[in-house]
Amino acid sequence: MRKPLIAGNWKMNTNLSEATSLVQTMLPELDRIAGVEKVLCPPFISLVAVRELIKGTSVELGAQNMFSEDNGAYTGEVSPLMLIDLCEFVILGHSERRQYFAETDELVNKKVQKALDFGLTPILCVGERLEDNEAGRTEKIIKGQVQAALAGVNSTSHLVIAYEPIWAIGTGRAANGKQANATISLVRNTVASLWDSKSAQAIRIVYGGSVTGENIAEFIAEPEIDGALVGGASLKANEFVSIVSQTASLKST
Ligand code: PEP
């Protein structure tokens, strides 16, 4: 049985005091929910403060990005060595990184390797653009992204993949549960063909793209969907808690 995982990607939102107060608001309830891995991914500048707040609770921490080198002359970048004693997870290959910061499949692959080498669990994002979806190229694009990101990567259960169709991110236009389940099944088969089916069955593959308290149940009801990467709704304490608690009750039945 794979433990469901809900991660909140706060993106470039919240300053230090807003991040602190958001965590303080949601933490008591989040901490009480069992059976779901709960991960908060605030901006880099709040990682230390959030880590202090969640210490001793069941809530874990993730970064939103990381560079692929250990250290050196890379002004403005954050290395895995800086993250390893701060957080457990790191989001890699998010479509906003690919789109606005020109991250290539090759760079994402390097980052995945590096994160794993240092014991961080990557939340590897893959997803197709609207025009690819409409032209029936979803399968080809997703397969290609998974193969490229995992090239040369040994099988591990310390990997989460987030299927995030780009047309669903921040648009209010979520995929439907059946569509997402079918593509996630394709992701798992692709991983199985790179590794083996037992290893592919062991990793969590989650859905992301306009997940809310209203629609989470539709995704969680699907057998291949192991949780969600939540953007906008993770900034609302009540809604994020509701997403996590619905996941806990639906996946435990
Ligand atoms: C995301 O940032 O990964 C995301 C899925 O955003 P949203 O939930 O806002 O669509």
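The first residue in the sequence is number 1, and the count goes up from there. Both ligands and their constituent atoms are indexed starting at 1 by order of listing. All values below were derived from every heavy atom in this structure, side-chain atoms included, with hydrogens, water molecules and symmetry-related copies excluded.
Not counting sequence neighbours, Lys198 has no partner by the salt bridge (Lys or Arg N to Asp or Glu O under 4.0 Å) test.
Considering both main-chain and side-chain atoms, Thr171 never comes within under 3.5 Å of ligand 1 through any nitrogen or oxygen pair. Among the atoms of Gly231, some N or O lies under 3.5 angstrom from an N or O of ligand 1. Between Gly209 and ligand 1, a contact under 3.5 Å exists for no N or O pair.
Every atom of ligand 1 is numbered from 1 in the order shown, and the set under 4.0 Å from a heavy atom of Lys11 is 1 (C), 2 (O), 4 (C), 6 (O). Using a 4.0 Å cut-off to heavy atoms of Gly170, the atoms of ligand 1 that qualify are 7 (P), 9 (O), 10 (O). In the vicinity of Ile169, heavy-atom distances shorter than 4.0 Å reach the ligand 1 atoms 4 (C), 6 (O), 10 (O).
With a 4.0 Å cut-off on non-hydrogen atoms, Asn9 touches ligand 1 through its side chain and not its backbone. When heavy-atom distances to ligand 1 are checked against a 4.0 Å cut-off, Ala168 comes that close only through its backbone atoms N, CA, C and O.
In terms of protein heavy atoms, atom 5 (C) of ligand 1 is closest to Glu164 OE2, 3.0 Å. Remark: minimum distance from atom 9 (O) of ligand 1 to any protein heavy atom is reached at Gly232 N, 2.8 Å. For atom 1 (C) of ligand 1, the closest non-hydrogen atom of the protein is His94 NE2, 3.2 Å.
No donor-acceptor pair under 3.5 Å is formed between the side chain of Glu164 and the backbone N or O of Val126. Of the possible polar contacts, none joining the Ser185 side chain to the Asn181 backbone as a donor-acceptor pair under 3.5 Å is found.
Residues Asp70 and Lys114 are in side-chain contact: their nearest non-hydrogen atoms beyond the backbone lie under 4.5 Å apart. Side-chain contact between Val191 and Ser199 is absent, with no heavy atoms from C-beta onward closer than 4.5 Å. Counting only heavy atoms from C-beta outward, the side chains of Glu128 and Trp167 approach each other to under 4.5 Å.
Under a 4.0 angstrom heavy-atom cut-off, Ala233 registers as lying outside contact with ligand 1.
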Exercise. When you look at Thr20 and Gln24, which way does the side-chain contact (heavy atoms from CB on, under 4.5 Å) test go after all the steps?
Worked result: CA-CA 6 Å; Thr20 304; Gln24 282 165 335; 3.9 Å; yes
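When only modelled atom types and interatomic distance are considered, Asp31 and Ser58 share a side-chain donor-acceptor pair under 3.5 Å.
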